[in-house]
Amino acid sequence: MSLREFQQAIVDLTLAPDSWRAMRRGESAVLDRYKLNERERNRLLEISRQPGMAMNCSLARGNRLELIVGAFPKTCTLLKPLLPRLLDELWERRKPDNYQLFGEEDAFAAFIAKKLSQSELAVEYLSEIFAYELTCRDLALRFETCADAESALEAIVEFRHPPDELLAPLNRHAAPPSGLPSGVFPTRVRLSEAGLEIDPIPV
């Protein structure tokens, strides 16, 4: 038995929900990319139908989702109806290359950025909230390596809708009301030891 290929197939199937569901339907073509003999292929088909495999897939998805939601909670709230499908698409393409799941947040950010650039996500407020959370994440990563603990980092984010009316419901994991007034709302985002501060800039 080619143990390494067999084990890699199990890991990949656990992390790729579409492939796992295809296996459960008996579609063994998803195994063609592995160097497996007939016995190994049949064994993997059997494993895919075991009740415990569904639990393994759910746990793996939960661990990956936790990292993404932790980094982009408001973006995920806006995407909630679409999120399962989007994550299936992302995770079918991308397999983690480490046990600690480092890089999940960056992969999600690149995936959403590409979708937005190609106008594939018509979700109200998504682009500005995603840009805001990217800015917050950048500030947080820079702050972690800042030598001066008393220093503060800041950036300007330009919202297209009133930031207080956007962020207040999102802080409660609820979508903002549709049809908020549009305009230009530059906002200073400041990160220090005291936490994150958000101040509108008069225009």
Side-chain angles (χ1 to χ4, degrees), residues 15 17 58-94 96 100-146 151-203:
L15 297 172
S58 295
L59 289 173
R61 287 171 64 87
N63 290 337
R64 301 177 82 179
L65 178 60
E66 182 178 6
L67 295 171
I68 291 170
V69 173
F72 299 99
K74 297 173 177 60
T75 297
C76 289
T77 294
L78 289 177
L79 288 172
K80 190 173 182 179
L82 305 174
L83 197 56
R85 176 181 61 78
L86 290 170
L87 292 178
D88 279 355
E89 182 180 346
L90 170 62
W91 292 340
E92 189 67 27
R93 299 176 182 178
R94 181 186 184 275
Q100 290 78 24
L101 300 175
F102 293 140
E104 289 293 319
E105 308 95 318
D106 293 333
F108 177 79
F111 178 71
I112 297 301
K114 183 177 180 180
K115 290 283 188 184
L116 286 170
S117 69
Q118 297 175 345
S119 301
E120 295 181 12
L121 286 175
V123 177
E124 193 174 21
Y125 313 130
L126 178 61
S127 60
E128 59 196 297
I129 290 300
F130 179 57
Y132 164 72
E133 290 199 306
L134 282 175
T135 299
C136 291
R137 176 169 166 74
D138 177 66
L139 290 175
L141 292 174
R142 287 164 51 199
F143 192 76
E144 287 178 0
T145 60
C146 189
S151 66
L153 301 175
E154 64 179 46
I156 304 300
V157 176
E158 191 171 279
F159 289 93
R160 296 197 298 274
H161 301 84
D164 55 337
E165 297 182 50
L166 287 173
L167 298 178
L170 286 169
N171 287 336
R172 303 190 301 270
H173 308 290
S178 180
L180 290 176
S182 61
V184 178
F185 302 89
T187 303
R188 180 177 290 104
V189 181
R190 186 174 187 272
L191 180 64
S192 68
E193 283 290 338
L196 190 68
E197 300 175 24
I198 302 169
D199 298 309
I201 299 174
V203 292

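As the structure is a computational prediction, the values presented were derived from the model and not from experiment. We number each residue from 1, following the sequence as shown.
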Quiz prompt | Lys/Arg-Asp/Glu bridge criterion (N-O < 4.0 Å) met for E89, R93 | solution =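 The answer is yes: the pair qualifies as a salt bridge.
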As an exercise, state the distance from [atom1] of [X] to [atom2] of [Y], rounded to the nearest 0.5 Å.
X    : Y    : atom1 : atom2 : answer
L78  : E128 : CG    : CD    : 9.0 Å
I68  : N63  : CD1   : CG    : 11.5 Å
E105 : L67  : CD    : CG    : 5.0 Å
I129 : H161 : CD1   : NE2   : 10.0 Å
K80  : H173 : NZ    : NE2   : 10.0 Å
R61  : D88  : CZ    : CG    : 4.5 Å

Could you check whether any side-chain heavy atom of [X] comes within less than 4.5 Å of a side-chain heavy atom of [Y], counting everything from C-beta outward?
X    : Y    : answer
F108 : C76  : yes
K115 : L86  : yes
L116 : I112 : yes
I198 : Y132 : yes

Self-check item: Backbone N/O of A71 and side chain of E133: donor-acceptor pair under 3.5 Å
Solution: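 No; zero donor-acceptor contacts below 3.5 Å.
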Quiz item: Are any side-chain N or O atoms of T187 and backbone N or O atoms of F185, one a donor and one an acceptor, separated by less than 3.5 Å?
Solution: yes
Quiz item: For L170 and Y125, what are the C-alpha separation, side-chain angles and deciding distance, and is it a side chain to side chain contact (heavy atoms under 4.5 Å, CB included)?
Solution: CA-CA 11 Å; L170 286 169; Y125 313 130; over 6 Å; no
Practice problem: Apply side chain to side chain contact (heavy atoms under 4.5 Å, CB included) to E154 and L139, showing your working. | Solution: CA-CA 7 Å; E154 64 179 46; L139 290 175; 5.7 Å; no
Check [X] against [Y] and note the closest heavy-atom contact, atom names and distance.
X    : Y    : value
D106 : R137 : OD1-NH2, 3.1 Å
P162 : P181 : CD-O, 3.1 Å
A175 : T77  : N-CG2, 4.1 Å
R160 : S127 : NH2-OG, 2.6 Å
L166 : P176 : O-CG, 3.6 Å
G70  : P73  : O-CD, 3.9 Å

Self-check item: Parallel, tilted or perpendicular, as decided by the 30° and 60° cut-offs, for the rings of F130 and F72
Solution: tilted
Quiz item: Checking side chain to side chain contact (heavy atoms under 4.5 Å, CB included) for the pair L167/K74: CA distance, chi angles, key distance, verdict?
Solution: CA-CA 8 Å; L167 298 178; K74 297 173 177 60; 3.9 Å; yes
